[in-house]
Structure formats: structure tokens, C-alpha cells
Amino acid sequence: MGTTLFSSCSFLAQISSVENGISRVKAVACSTGSDSVDGVMKRRSVLVSGASLISSTVLGFPADGLAVVKQGLLAGRVPGLSEPDEQGWRTYRRPDDKSGGHGVGWSPIIPYLFSVPQEWDEVPVSIADLGGTEIDLRFANPKEGRLFVIVAPVLRFADNLGDDATIEKIGPPEKVINAFGPEVTGENVEGKVLSMNVEEHSGRTYYRYELEPPHVLITATAAGNRLYLFSVIGNGLQWKRHYTDLKKIADSFRVV
């Protein structure tokens, strides 16, 4: 029987099961359910193997009904970024008409959204960055930390996922972090995974990880024909002083 973590009339977070040390969390509108789909992953030649995984439960993210985002270019505002809410947090939603993609024949990127404190701002993306041309967006605050979003074609990892990929089809949580963690950290992640859990929001599955060192929170999911990796990073001092906010940012990530 599942254990309720937090509930309201619009949101219910529930531990549905604990298997092999991995906590599985569902977020539903008062009551709903979804079956997970197992898949097989085709890993790249540079994949690493093995990770020490410790289960944890993720709490405290804004409910699925996030604030409506004002899109378009406002004076002094980033396109897709809302005005601050009562707590001083803004929600970014990738504009539908934002440039980017992976060449001819690829469908538009399905929008994603997340929330950040109002002092965080978008920063330029460079093809020289770790992750290269697949980094779709960066945000940062010099005192608190930074984040970036990788959006990669699923055909890079498997040729049988089609145009309706799910993270389960790409692989189970252990294989996904072993495969794609190095794209975030730039190094082998074996023995650096402190926690891992599986969540479901609005019918989509998300894998969430915490790694150390370096200090990083990673969210992985898939939609359409692309894999999404949302990473929130901080140095030791930022982690100590702003962990609560960094965790809230990581937990807010959704693909629309």
C-alpha cells in the first residue's frame, strides 16, 4: 500500500512502491494511477557502468498547476519568463517559437518549464560548453548556483524508440544515470550517486538523482523524440547555503 507524502485537492504525492532501494513517487490529481513501461537501452560506446544508489524521497515541489507564464519579450524580461509570484519565484516556459532543434526532419522541441528565484537570469549558451550544441538553455545566479537543460535526439541512443519516447523505454534509472551522468559532470559517476527516485507527474515519468561530488541534482525524462536532462549545480558553499532552493528548482522541472 502506498504512503501519502503530501496532498491537497489538486496534488497528491505518494510513494507507490520501494524496489531494490529505489523509491517510486506518483503525483496525481487527488487519485489516479499509471503503469510503468520497462524498456531496453542502447548505450553509447562511452558509457560507464555501475553506481552506488541510495533511495530518497523528493518533497516540496510546486504543484503540477504551475503559474500561468507570460510569454513574449517584455522590457527587461527574458522571453518565456513570468513575473515573480508572491514568494519571489518566476516560472520559465520554453517559448513555442524559440529557435533550436536538431536539423531538417526533426519535430519542434516540446516545451518544458521550471521555477527559479527572481534573482536568477538566463546566461548565453556556448557550443564549447560540456554538452555542446545539445544544451538548450542556461540560467545562473553567481551566489546561489547554475542550471542547464540538455535536449538530445533519442536516435542517438536507440533506433527503435520512434516519435513517442518515454524515459522507461530509454532505460531503467541505474542505466540512465550511468549513461548520461558523465554528460553533466564530465566524468565517471560511479560511486557518486547519493540518491535516486522515480516520480510520475501528469502521466510522464521522471528520474531524479543527487550526485556528489560535484554537487548536482539531475532530472531525466523523455518526450516526443527527445531526451531531456535538467541539471542544477552548485559549489560547496552554494550547496550549504542554498540547498533548499536548489532542490526546489530541480523538483519544479516539467515537460509540458
Side-chain angles (χ1 to χ4, degrees), residues 15 17-25 36-59 114 128-136 138 140 145-161 165-200 205-222 226-240 242-243 246-247 249-251 253:
I15 299 178
S17 64
V18 178
E19 300 176 1
N20 300 322
I22 304 171
S23 61
R24 296 180 179 272
V25 181
S36 62
V37 179
D38 293 329
V40 178
M41 178 180 182
K42 181 177 179 182
R43 298 164 62 188
R44 311 182 202 194
S45 59
V46 297
L47 304 187
V48 297
S49 62
S52 174
L53 302 175
I54 304 173
S55 66
S56 72
T57 299
V58 175
L59 294 172
F114 59 87
D129 293 335
L130 183 66
T133 58
E134 292 176 351
I135 294 183
D136 189 63
R138 285 186 179 275
R146 55 194 173 92
L147 68 82
F148 60 91
V149 185
I150 291 177
V151 183
V154 296
L155 282 178
R156 285 184 50 198
F157 323 120
D159 57 9
N160 60 348
L161 297 177
T166 65
I167 195 66
E168 297 100 323
K169 292 179 181 178
I170 293 176
E174 297 91 340
K175 289 186 177 180
V176 169
I177 192 59
N178 288 337
F180 306 117
E183 296 214 8
V184 175
T185 66
E187 58 190 37
N188 192 317
V189 300
E190 184 175 358
K192 298 180 180 180
V193 181
L194 297 182
S195 64
M196 173 180 64
N197 73 307
V198 179
E199 298 180 16
E200 180 186 302
T205 299
Y206 297 79
Y207 296 164
R208 299 198 189 277
Y209 311 90
E210 181 170 344
L211 282 68
E212 183 181 325
H215 298 286
V216 57
L217 297 164
I218 301 174
T219 300
T221 193
R226 290 179 174 86
L227 168 76
Y228 294 73
L229 294 175
F230 182 72
S231 303
V232 181
I233 302 173
N235 59 36
L237 183 59
Q238 291 168 337
W239 212 249
K240 182 178 181 180
H242 303 288
Y243 178 81
L246 296 175
K247 187 69 164 59
I249 293 171
D251 291 351
F253 181 75

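Taken to the nearest 0.5 Å, the NZ atom of Lys175 stands 13.0 Å off from the CD1 atom of Ile170. Between atom CG of residue Leu229 and atom CZ of residue Phe253 there is a gap of 8.5 Å, rounded to the nearest 0.5 Å. Separation of atoms CD1 (Ile233) and CG (Leu147) is listed at 9.0 Å; rounding is to 0.5 Å. The distance from atom CG of Leu155 to atom CZ of Arg226, rounded to the nearest 0.5 Å, is 10.0 Å.
At a threshold of 4.5 Å between non-hydrogen side-chain atoms, the residues Val184 and Val216 count as touching. A 4.5 Å side-chain heavy-atom check between Ile249 and Phe230 finds at least one atom pair inside the cut-off. Two residues are said to be in side-chain contact when any heavy atoms from C-beta on lie closer than 4.5 Å; Tyr209 and Val176 meet this criterion. A 4.5 Å side-chain heavy-atom check between Ile150 and Asp136 finds every atom pair outside the cut-off. The shortest distance between side-chain heavy atoms of Glu183 and Ser231 does not fall below 4.5 Å. At a threshold of 4.5 Å between non-hydrogen side-chain atoms, the residues Val232 and Ile218 do not count as touching.
Across all non-hydrogen atoms, the minimal contact from Ile135 to Arg138 is CD1-NH2, 3.3 Å. The shortest non-hydrogen separation linking Ala165 to Val154 is CB-CG1, 4.0 Å. In this structure, Thr219 and Ala250 approach most closely via the heavy-atom pair OG1-O, 3.5 Å. For the residue pair Pro213 and Glu187, the shortest heavy atom distance occurs at O-OE2, 4.1 Å.
The side-chain tip of Arg146 does not point at the ring of Phe148 from less than 6.0 angstrom away and within 45° of straight on.
The closest side-chain donor-acceptor pair between Thr205 and Glu200, if any, does not fall under 3.5 angstrom.
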Please walk me through it: do Arg208 and Glu199 pass salt bridge (Lys or Arg N to Asp or Glu O under 4.0 Å)? CA-CA 8 Å; Arg208 299 198 189 277; Glu199 298 180 16; 3.1 Å; yes

Step-by-step side chain to side chain contact (heavy atoms under 4.5 Å, CB included) determination, Leu227 to Ile167: CA-CA 8 Å; Leu227 168 76; Ile167 195 66; 3.7 Å; yes

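Taking Glu210 as the reference, Leu194, Ser195, Leu217, Trp239, Tyr243 meet the side chain to side chain contact (heavy atoms under 4.5 Å, CB included) condition, with sequence neighbours excluded.
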